[in-house]
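Letters A, B, ... are given to chains in the order of the sequence lines, protein chains preceding strands, and every chain is numbered from 1.
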Amino acid sequence: MKIEKIKGFRDQFPEDMGPRKRLLGVAERQAEIFGFLKVDVPSLESLDLYRIKSGEELVSQTYSFVDKGGREVTMIPEFTPSVVRMLTSRKDISRPVRWYGTPKLWRYEEPQAGRLREHIQFNADIFGPDTAEADAEVIGLAASILDSLELNGEYEIRISNREITEKLLKSLGITDIQAAFAVIDRFRKTDEESFVSGIMETGASREQAQKLHEMISKPFGVGELKKKITGSIPEEDIGQDIMERMMYTGKLIGTYTESSVKYDFSIVRGLSYYTGIVFEAFDIMGEFRSILGGGRYNNLAALLSDQDIPAVGFGMGDVVIELLMKRAGKWHPESYGDSYYVASLLRGDKAYAFETANSIRRFRKAVVEVSERGLSSQMKAAASTGCTYALIIGDKEAKSGTVTVRDLTTGEQKTLYREEFLDSLEKESPQ
RNA sequence: GCCGGGGUGGGGUAGUGGAUAUCCUUGGGGACUGUGGAUCCCCGGACCCGGGUUCAAUUCCCGGUCCCGGCCCCA
């Protein structure tokens with residue numbers, strides 16, 4: 001009987017696992033360099049954790065079920081609520097708290113390009129200070145990860161601000177702010193006419209809806225925010241300090257990366273708990289869904305506990321960035337430097353070859369032959385493992401205490417004393 | 001949940017209402033216990049599942065399932 005995979009889930013074979021391991025490794029390394037500490041959360045949570053903050057729409061898209069004890073539980077659809085629960089359960093942790101994690105997340109929806117039912121998400125948050133500096137640090141980490149993956153020039157960051165957008169919408173006569181956010185969120189998928197009519201349904205006039213469409217259509221440099229808004233919103237309707245903070249944040253983000261950072265009114269993020277800055281990163285060709293996204297959510301802790309903890313963070317799923325890395329030719333595993341395939345022609349007792357392999361392993365990767373086969377086959381195997389050198393060990397070598405080293409890229413080969421060979425490895429090794 | 005397009009060895013494919021289902025590649029073994037991605041030889045491996053129509057279904061029809069893509073939603 002053939003058992004098929006569950007829809008939207010994936011097997012992860014070495015050819016993708018290698019690059020994916022590097023992707024997550026780079027993200028984790030950058031997070032650590034920034035001083036973030038790793039945490040992990042349960043894969044299963046009470047469904048109520050998501051009811052509180054998001055309502056039935058999200059709940060209907062969760063991978064949830066009633067367990068044997070009659071509890072409504074769900075495979076976690078996001079990381080943040082669990083992390084907030086963790087943080088608020090401890091009062092001794094000094095702030096700012098910088099935490100990251102790489103959970104698997106689940107959603108019960110139809111799979112499509114860049115979206116599966118199970119995926120891995122890198123996630124990082126700063127809890128405590130409600131400052132432009134914390135905002136910039138989180139976005140800067142996101143950019144540094146993408147840059148470390150050699151994706152400079154392949155992406156750009158778009159930022160916006162919920163408060164500013166909300167005030168903008170109000171000044172245009174819009175009364176149903178949530179509905180307007182939903183229309184804006186769909187901006188990229190609709191034409192001007194349906195956008196305008198969608199906005200008109202939220203309380204704006206046609207003229208105002210068209211004005212909004214124009215503002216949303218053109219991202220601009222973050223430093224121009226004030227200029228762009230002046231004339232659109234009456235001065236008294238918008239806090240100067242919010243705009244100053246956004247422009248300052250944009251300036252700080254520029255200290256992390258050369259990549260383009262734009263202000264973009266169309267970024268609102270669907271998640272209702274965002275309160276201030278929101279941001280996403282897109283591939284430069286606009287082919288894929290957003291690579292990552294996040295923002296400030298100052299009210300979530302209060303919703304889930306009796307504590308008030310401002311927070312800012314982002315999540316980056318592994319699926320979209322994989323598409324981007326493949327397109328950019330960067331989907332390759334981490335390189336281990338020189339590596340050795342220990343081929344053996346010894347009859348019976350192969351201890352000499354194994355001693356050699358194990359000595360190499362103090363400094364380098366070594367693969368030792370474990371089959372009985374001719375040298376020709378072993379050399380083929382050496383090539384297919386991707387090793388840069390082959391060591392050939394036969395009776396001659398074992399008797400004389402030597403090894404024959406063959407460079408698999410140039411074909412050059414020499415025989416030298418084993419001790420001499422190992423010494424040279426030790427000297428060349430960085431550590 | 002809804003809509004569209006697909007499913008032939010591990011991957012890529014050809015083909016057919018009836019015969020031993022094509023080719024390439026990959027995998028295993030051998031030539032080959034002293035030199036690699038080669039060559040030659042041998043071997044293994046497939047019509048997604050169920051039902052219907054039919055003398056006969058991998059082929060036609062229906063349903064399911066999975067894959068790809070879109071909608072909804074976006075964590």
Side-chain angles (χ1 to χ4, degrees), chain A residues 1-11 13 15 45 49-50 53-63 74-83 103-123 181-182 185-186 188-190 267-274 278 280 289-290 292-295 297 300 313-317 319-320 341 343-348 350 353 369 371-398 404-415:
Chain A
M1 179 164 141
K2 185 182 166 191
I3 308 291
E4 291 200 307
K5 247 188 355 240
I6 302 292
K7 188 206 284 208
F9 287 68
R10 59 190 162 170
D11 294 327
F13 287 93
E15 52 268 38
E45 289 274 15
L49 183 58
Y50 309 95
K53 69 166 199 61
S54 314
E56 290 300 321
E57 176 67 40
L58 184 144
V59 165
S60 74
Q61 289 163 15
T62 56
Y63 229 104
T74 185
M75 306 296 288
I76 58 170
E78 50 179 331
F79 189 60
T80 304
S82 301
V83 169
K104 274 191 176 177
L105 302 180
W106 296 268
R107 58 169 71 189
Y108 196 86
E109 289 190 90
E110 290 310 307
Q112 51 190 284
R115 180 191 290 174
L116 300 169
R117 287 187 173 182
E118 176 183 72
H119 70 125
I120 303 165
Q121 190 183 76
F122 173 86
N123 206 281
F181 274 158
D185 204 24
R186 239 174 295 136
R188 252 167 264 282
K189 290 184 178 178
T190 49
I267 306 295
V268 295
R269 308 280 300 155
L271 218 52
S272 52
Y273 58 62
Y274 287 116
V278 286
E280 298 187 9
R289 293 160 194 285
S290 68
L292 57 86
Y297 51 101
L300 187 57
F314 78 97
M316 177 177 78
V319 181
V320 173
Y341 192 94
S344 156
L345 293 160
L346 300 169
R347 293 164 205 274
K350 300 187 172 57
E369 177 67 33
S371 305
E372 287 285 346
R373 52 185 169 179
L375 184 58
S376 179
S377 300
Q378 294 190 44
M379 295 307 276
K380 269 186 218 173
S384 76
T385 59
C387 286
T388 50
Y389 291 91
L391 248 59
I392 298 159
I393 291 176
D395 291 330
K396 275 190 297 193
E397 284 84 0
T404 295
V405 185
R406 182 176 177 85
D407 184 327
L408 288 170
T409 43
T410 65
E412 280 171 48
Q413 161 175 332
K414 60 186 171 181
T415 299

Side chain to side chain contact (heavy atoms under 4.5 Å, CB included) between A:Leu346 and A:Ile393, worked out: CA-CA 7 Å; A:Leu346 300 169; A:Ile393 291 176; 4.0 Å; yes
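Atoms CD (A:Gln61) and C1' (B:C2) sit 13 Å apart, rounded to a whole Å. Atom CD in A:Glu15 sits roughly 14 Å away from atom C1' in B:G27 (whole-Å rounding). Residue A:Tyr297 contributes atom OH, which lies 18 Å from atom P of B:C74 at whole-angstrom precision. Here B:C72 presents its C1' atom at 8 Å from NZ of A:Lys189, a figure rounded to the nearest Å. A straight line from CD of A:Glu110 to P of B:C71 spans 13 Å, rounded to a whole angstrom. As rounded to whole Å, 15 Å separates atom C1' of B:G69 from atom CD of A:Glu109. If you take CG of A:Leu391 and P of B:G34, they are 18 Å apart, rounded to a whole angstrom. Atom-to-atom, CD of A:Glu45 to P of B:A75 comes out at 19 Å; the value is rounded to the nearest Å.
Under the side chain to side chain donor-acceptor pair (under 3.5 Å) criterion, the residue pairs touching residues 106-121 of chain A are A:Lys7-A:Glu110, A:Trp106-A:Glu118, A:Arg107-A:Glu109, A:Glu109-A:Arg115, A:Glu110-A:Arg117, A:Gln112-A:Arg289, A:Gln121-A:Asn123, with sequence neighbours excluded.
In terms of phosphate contacts, A:Arg115 brings no side-chain nitrogen or oxygen within less than 4.0 Å of OP1 or OP2 of B:C74. A sub-4.0 Å separation between OP1 or OP2 of B:G30 and a side-chain N or O of A:Arg373 is absent.
Contact annotation for A:Arg186: backbone-only contact, meaning every heavy-atom pair under 4.0 Å involves sugar-phosphate atoms and none involves a base. Heavy atoms of A:Tyr108 sit under 4.0 angstrom from primed sugar atoms or phosphate atoms, though from no base atom. Residue contacts shown for A:Gly315 are absent, as no nucleic acid heavy atom lies under 4.0 Å away.
Here B:C74 sits opposite no nucleotide as a Watson-Crick or G-U wobble pair (both hydrogen-bonding atom distances under 3.5 Å). Under the Watson-Crick or G-U wobble criterion, with both distances below 3.5 Å, B:G63 is paired with B:C49. In this structure B:G4 sits in a base pair with B:C68, meeting the Watson-Crick or G-U test at under 3.5 Å. In this structure B:A31 sits in a base pair with B:U39, meeting the Watson-Crick or G-U test at under 3.5 Å.
The closest side-chain heavy-atom distance from A:Leu345 to A:Ile392 is below 4.5 Å. Under the 4.5 Å side-chain criterion, counting only non-hydrogen atoms from C-beta, A:Glu45 is in contact with A:Ser82.
Every residue two or more places apart in sequence or in another chain that forms a ring pair (Phe, Tyr, Trp, His ring centres under 6.0 Å) with A:Phe122 is listed here: A:Tyr100, A:Phe314. With sequence neighbours left out, A:Phe181 forms a ring pair (Phe, Tyr, Trp, His ring centres under 6.0 Å) with no residue at all. Annotation: side-chain hydrogen bond (donor to acceptor under 3.5 Å, both in side chains) contacts of A:Glu372 (sequence neighbours excluded): A:Lys350. A:Ser371 meets the side-chain hydrogen bond (donor to acceptor under 3.5 Å, both in side chains) test with no other residue; sequence neighbours excluded. Residues meeting the side-chain hydrogen bond (donor to acceptor under 3.5 Å, both in side chains) test with A:Lys380, sequence neighbours left out: none. For A:Thr404, the side-chain hydrogen bond (donor to acceptor under 3.5 Å, both in side chains) partners two or more places apart in sequence, or in a different chain, are A:Glu397, A:Thr415.
Rounded to the nearest Å, the gap between the C1' atom of B:C23 and that of B:U8 is 13 Å. If you take atom P in B:C49 and the same atom in B:U65, they sit 16 Å apart, rounded to whole Å. Comparing the C1' positions of B:G12 and B:A46 gives a spacing of 13 Å, expressed to the nearest Å. Distance noted for atom C1' between B:U13 and B:G69: 23 Å (whole Å). As rounded to the nearest Å, B:C61 and B:G6 have P atoms that lie 11 Å from one another. B:U22 and B:G4: their P atoms are spaced 36 Å apart (whole Å). Using atom C1' as the reference point in both B:G37 and B:G27, the two lie 16 Å apart (nearest Å). Using atom C1' as the reference point in both B:C47 and B:G15, the two lie 11 Å apart (nearest Å).
Residues A:Trp106 and A:Gly374 both approach RNA chain B. Their nearest nucleotides, taken by heavy-atom distance, put A:Gly374 toward the 5′ side.
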Report, one pair per line, the protein and nucleotides 35-41 of chain B atoms (nitrogen or oxygen only) whose separation is under 3.5 Å.
residue	atom	partner	partner atom	Å
B:U35	O2	A:Arg406	NH1	3.3
B:U35	O2	A:Gln413	OE1	3.1
B:U35	N3	A:Gln413	OE1	3.0
B:U35	N3	A:Gln413	NE2	2.6
B:U35	O4	A:Gln413	NE2	2.6
B:G36	N7	A:Arg406	NE	3.0
B:G36	N7	A:Arg406	NH2	2.6
B:G36	O6	A:Arg406	NH2	3.4
B:G36	N1	A:Leu408	O	2.5
B:G36	N2	A:Leu408	O	3.0
B:G37	O6	A:Leu408	O	3.4
B:G37	N2	A:Ala383	O	3.1

Distances for protein N/O vs nucleotides 66-68 of chain B N/O pairs under 3.5 angstrom?
residue	atom	partner	partner atom	Å
B:C66	O4'	A:Glu4	OE1	3.4
B:C67	OP1	A:Gly8	N	3.0

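Scanning both residues, A:Pro103 and A:Ile76, for their nearest heavy atoms gives CB-CD1, 4.5 Å.
Closest to the A:Leu345 side chain, of the nucleotides B:C2, B:A75, B:U33, is B:U33.
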